[in-house]
Protein chains: 2
Amino acid sequence: MGKCEQCIIKQFNAMKSLTKDELIRISGCKTSRIIKKGEVIFEEGENINGVYCIKDGICKLSKLSENGKDQIVKMVVKGQLLGQRSLITEEVSNLQAVALNDMEVCFIPRVEIMADLQNNLKFSFDVLKVMARDLRESDDIIVNMAQKTVRKRLADVLIYLHSNFGENTDGTLSILLSREDYANIVGTATESAIRIISQLKKENLISTKGKYIKIEDLAGLKRVE
Amino acid sequence: MGKCEQCIIKQFNAMKSLTKDELIRISGCKTSRIIKKGEVIFEEGENINGVYCIKDGICKLSKLSENGKDQIVKMVVKGQLLGQRSLITEEVSNLQAVALNDMEVCFIPRVEIMADLQNNLKFSFDVLKVMARDLRESDDIIVNMAQKTVRKRLADVLIYLHSNFGENTDGTLSILLSREDYANIVGTATESAIRIISQLKKENLISTKGKYIKIEDLAGLKRVE
DNA sequence: AAGGAAATATGACCAATATCATGAACACGC
DNA sequence: GCGTGTTCATGATATTGGTCATATTTCCTT
């Protein structure tokens, strides 16, 4: 099992602010785990009891709505921490986490992370920064949900996925989502998402290869209203 | 001007975790201010340069959408701090703040609050807790925006205002919002908000006295789908 | 108290999106 | 390779909500 103090992944999250001693301590109590695509990492209402540091892969965080639909509220990727909020509010998770591809994660038990949060000011301030940025992002999502059409939101998601997760060698988006996932991100019916994807295809803004989507005209996609 | 170390408002926010010395220092550099109803506290894109501690009153935080509509993302009330996020991300504000009634606030300059955030662990952890809870709330708002009808969202807002801000002696909601504000909270056209309010009135779930709204049948309002 | 501006209210119509139905393509176990 | 379930696709139709037009009421100014 890798050692935290030598792990390069921590560069991308607040754990870079931990001291060498703290990292060695964490290293001794963490557990590594492989999570397969589609596997549930934790459920809504579950006591997470710690934090996941994502060494590789991507997962979706979603919340079940009263109408039975899952709303995806965030994607958490390689380099980020998963589960901080519930840790800090000391409540069960309000979200479900599901792996979107095969993942490699380290799990750090609650008590260990809490000890550092309450002793290492630089660390807790770093987490604070991440949260403040998340809140800003949430504001934007709320505004988009409230004010933009489904078509515009879907175009935005494609652009977002492209700029954040990049493309495969054939130019398709490297992150593979089902049409239902797309619907659950923009908050619409699966049929509507499919319909709009077909439409964007007809307008030559994107193309599809099976489930894979390729952006053909990024500038055009940005112009979608 | 009041002294922070004796101010009871701090009980309701993270400032309760500051030491007496820190409070005395803050007290010496803070400025008190009365803000009239409708007045802008800060604009989107403005450098806030500090934090407001709300001694009395309520304000709305909104963001201008590309379609020209203002989306209200949060209400901040007596006892809470305003402007923490921008302070922490060290960016200009992403939101506009406008007073919904006459307010009394204390403004604490950035450097002073930052000093405490970076020296007092209990204080920064308390702010962290508030933010984690805000994030949780944001998740709920995103899900509601994405999955619920305007009618349901508006009913929810009325219930929220009732349970959070209470009622006047005549039973009307103590917080007075324009129909446009209601529209900007639920993310709809003003006409739609007006229409739905009229409809709820016809169904005897609420009644109105001028701009004031009174909840007549809370249980019924909760049943709205 | 009068006049005018702003907020509230309502109707008519249209566009966006949901829902239901059905079929085609694909994926997987045997 | 063959069913069989799942995902993708598309049509028909219903519903929701947005936009524009126009009253009506409220509120503010003078």
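All figures in this text were calculated on a predicted structure; none of them were measured in a lab.
By the ring pair (Phe, Tyr, Trp, His ring centres under 6.0 Å) test, B/Tyr52 is found to be paired with B/Phe107, residues two or more places apart in sequence or in another chain being considered. Residues passing the salt bridge (charged side-chain N to carboxylate O under 4.0 Å, His left out) test with B/Lys201, sequence neighbours excluded: none. For the side chain to side chain donor-acceptor pair (under 3.5 Å) test, residues two or more places apart in sequence or in another chain that qualify with A/Glu167 are A/His162. Residues meeting the salt bridge (charged side-chain N to carboxylate O under 4.0 Å, His left out) test with B/Glu46, sequence neighbours left out: none. Every side chain to side chain donor-acceptor pair (under 3.5 Å) that A/Asp139 has, sequence neighbours left out, goes to B/Arg85, B/Asn94. Among residues two or more places apart in sequence or in another chain, the side chain to side chain donor-acceptor pair (under 3.5 Å) test is passed with A/Gln147 by B/Asn67, B/Gln71. With sequence neighbours left out, the salt bridge (charged side-chain N to carboxylate O under 4.0 Å, His left out) criterion links A/Asp102 to no other residue.
In the helix from C/dA1-D/dT30 to C/dC30-D/dG1, the end axes, each obtained as the rotation axis mapping the C1' atoms of four pairs onto the next four within a five-pair block, lie 50° apart to the nearest 10 degrees.
Residue pairs satisfying the salt bridge (Lys or Arg N to Asp or Glu O under 4.0 Å) criterion with at least one member in residues 182-197 of chain B, sequence neighbours excluded, are absent.
From the 5' end on, the contacts that DNA chain C makes with chain B at under 4.0 Å to a non-hydrogen atom open and close at C/dA7 to C/dA12.
Between D/dC27 and B/Lys211, no contact under 4.0 Å exists linking OP1 or OP2 to a side-chain N or O.
Residues from residues 169-186 of chain B with heavy atoms under 4.0 angstrom of DNA chain D: there are none.
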Show each protein N/O and nucleotides 10-17 of chain D N/O combination with a separation under 3.5 Å, one pair to a line.
residue	atom	partner	partner atom	Å
D/dT10	OP2	A/Ser198	OG	2.8
D/dG11	N7	A/Arg195	NH1	3.0
D/dG11	O6	A/Arg195	NH2	2.9
D/dA12	N6	A/Arg195	NH2	3.4
D/dG17	OP1	B/Val150	N	2.7

